[in-house]
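Only one structure is covered here, and it is reproduced in the block below.
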Number of protein chains: 2
Amino acid sequence: MDWRQVETDNCSVARALAVVGEKWSLLVLRDAFNGLRRYDELRRHLGISDAVLADRLRTLVAAGVLERRSYQEPGRRSRVEYLVTAAGWDLQPVVVGLLQWGDRHLGDDAGPLVEVRHRGCGGAVEAVVRCAEDGRVLTPAETQLTPGPGLRLRPVEG
Amino acid sequence: MDWRQVETDNCSVARALAVVGEKWSLLVLRDAFNGLRRYDELRRHLGISDAVLADRLRTLVAAGVLERRSYQEPGRRSRVEYLVTAAGWDLQPVVVGLLQWGDRHLGDDAGPLVEVRHRGCGGAVEAVVRCAEDGRVLTPAETQLTPGPGLRLRPVEG
DNA sequence: ACTCCTGACTTCGTCGGCCGAAGTCAGCTA
DNA sequence: TAGCTGACTTCGGCCGACGAAGTCAGGAGT
């Protein structure tokens with residue numbers, strides 16, 4: 001398959017990046033994974049501007065990555081929280097993959113900020129590419145791209 | 001561990017995104033993974049402007065994700081190619097993770113554009129989070145964040 | 001030798017996005 | 001009823017992305 005001729009209008013990587021590829025989106029998600037739920041917590045912790053945070057939250061909610069919910073503690077007025085949905089948790093391999101890559105290739109002398117561990121077992125957690133059939137972890141050389149049903153080729157250029 | 005108090009200047013996710021989080025970076029890498037090597041191929045296939053492509057390639061080369069090499073076919077003048085390095089291939093889980101998420105949650109009726117398969121076995125390939133010790137694939141609930149040596153807390157706010 | 005062509009960029013004007021700061025508005029408290 | 005707080009929206013300024021055009025070196029054609 002010659003990738004140069006593949007029409008990538010409908011590429012899933014590009015679509016995913018339309019949701020989480022803007023500046024701050026994945027950092028908002030990182031913080032949400034780590035338990036931050038409220039607008040002002042996110043704003044303070046990320047050091048992001050209000051306009052951008054409100055926009056990113058809108059986008060993530062619209063895409064089903066986060067859920068916007070009102071909640072109320074007794075005797076206090078109602079507030080808003082943002083919860084990670086099942087679809088949002090499906091992005092965990094991406095965020096862990098970035099964390100792992102940063103640790104490996106951009107680490108400093110201080111060592112990693114945090115480590116992700118298997119709860120209970122305590123072993124280190126890693127993001128990998130593996131075969132869904134036999135469960136083996138694969139190197140890039142062991143993977144290949146095959147055409148899918150949605151594949152279209154580019155019109156030939158003059 | 002209260003993530004709200006964690007100083008994230010040196011967060012590996014943020015550092016990784018400083019390299020691959022700008023617009024187009026991961027799409028350039030997607031195309032490089034899929035075999036595109038030359039500047040003009042990338043430019044044509046991505047539909048990106050020259051200024052941005054040249055800048056992204058510079059950044060990716062500087063970060064060690066791509067390697068810039070001159071090569072020469074006999075009887076032709078020397079040209080430039082960009083090859084994915086070992087560090088670059090370490091980002092495969094991230095790109096496959098995005099592909100997988102896009103397929104799952106943003107797919108259209110036409111079905112996926114391409115499928116990543118285990119060469120030989122032919123099984124579907126997936127990006128997952130797993131325990132490095134026992135090899136088990138983990139749900140988000142089975143993972144936890146633990147403090148690392150580089151962790152610093154925020155100065156208390158007035 | 002001279003011109004043409006091509007690949008790999010750089011430069012330029014414009015326009016959209018991100019920034020910090022300030023403004024808005026509703027619900028609860030004093 | 002005035003004040004406070006949380007969750008935003010609005011507003012100038014500036015940085016980054018855009019398309020188009022310009023640059024420059026190497027090889028091909030004549």
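First the proteins, then the strands, lettered A, B, ... as listed; each starts at 1. Every value quoted in this text rests on a predicted model; they were computed, and no experiment measured them.
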Which pairs would a plain distance check flag for residues 60-72 of chain A, meaning a side-chain donor or acceptor within less than 3.5 Å of a matching protein atom at least two apart in sequence or in another chain?
residue: A:R69; atom: NH2; partner: A:E81; partner atom: OE2; Å: 3.3
residue: A:Y71; atom: OH; partner: A:R38; partner atom: NH1; Å: 3.0
residue: A:Q72; atom: NE2; partner: A:R76; partner atom: O; Å: 2.6

Distance-only criterion, 3.5 Å: show the donor-acceptor pairs between side-chain atoms of residues 15-23 of chain A and protein atoms not counting sequence neighbours.
residue: A:R15; atom: NH1; partner: B:L106; partner atom: O; Å: 2.5
residue: A:R15; atom: NH2; partner: B:D108; partner atom: OD2; Å: 2.8

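For the pair A:R30 (side chain) and B:V13 (backbone), a donor-acceptor distance under 3.5 Å is absent. Using modelled atom types, one side-chain atom of A:E142 and one backbone atom of A:T139 make a donor-acceptor pair closer than 3.5 Å. For A:H45 (side chain) and B:T8 (main-chain N/O), no donor-acceptor pair under 3.5 Å exists by modelled atom type. In this structure, A:D103 contributes its side chain and B:S12 its backbone to no donor-acceptor pair below 3.5 Å. For B:T85 (side chain) and B:G88 (main-chain N/O), a donor-acceptor pair under 3.5 Å exists by modelled atom type.
Every residue two or more places apart in sequence or in another chain was checked for a salt bridge (charged side-chain N to carboxylate O under 4.0 Å, His left out) with B:D109, and none qualifies. By the side chain to side chain contact (heavy atoms under 4.5 Å, CB included) test, A:D134 pairs with A:C131, A:R136, B:H118, B:C121, sequence neighbours left out. Taking the salt bridge (charged side-chain N to carboxylate O under 4.0 Å, His left out) definition, one finds that A:R119 meets it with nothing, sequence neighbours left out.
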Next on the checklist: Pairs counted only when both distances fall under 3.5 Å, Watson-Crick or G-U: show me the 5' to 3' dot-bracket for DNA chain D, [ ] for pseudoknotted crossings and | for other-strand partners.
Outcome noted: ||||||||||||||||||||||||||||||
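B:V128 belongs to a hydrophobic cluster with A:V128, A:V137, B:V137, counting contacts under 4.5 Å between side-chain heavy atoms of Ile, Leu, Val, Met, Phe, Trp and Tyr, direct or through other members.
Heavy-atom contacts of chain A under 4.0 Å fall on DNA chain D between two terminal nucleotides, which in 5' to 3' order are D:dT5 to D:dT10.
In this structure, B:L151 CG and B:L145 CG are separated by 9.5 Å, a value rounded to the nearest 0.5 Å.
Remark: B:R37 CZ is loosely packed, at most 12 non-hydrogen atoms of other residues, nucleotides or ligands lying under 6.0 Å away.
Residues of residues 21-38 of chain A having a heavy atom closer than 4.0 Å to DNA chain D: none are found. In the region residues 45-59 of chain A, proximity to DNA chain D at under 4.0 angstrom, judged on heavy atoms, holds for A:D50, A:A51, A:A54, A:R58.
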Next on the checklist: Protein within reach of the bases, or only the backbone? For nucleotides 25-30 of chain C, mark each nucleotide 5' to 3' as B, S or -, using heavy atoms under 4.0 Å.
Outcome noted: -BSSS-
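Sorted by first then second residue, the side-chain hydrogen bond (donor to acceptor under 3.5 Å, both in side chains) pairs that include residues 54-64 of chain B, not counting sequence neighbours, number zero.
A salt bridge is defined here as a Lys NZ or Arg NE, NH1 or NH2 lying under 4.0 Å from an Asp or Glu carboxylate O, and A:R154 with A:D2 fails to meet this definition.
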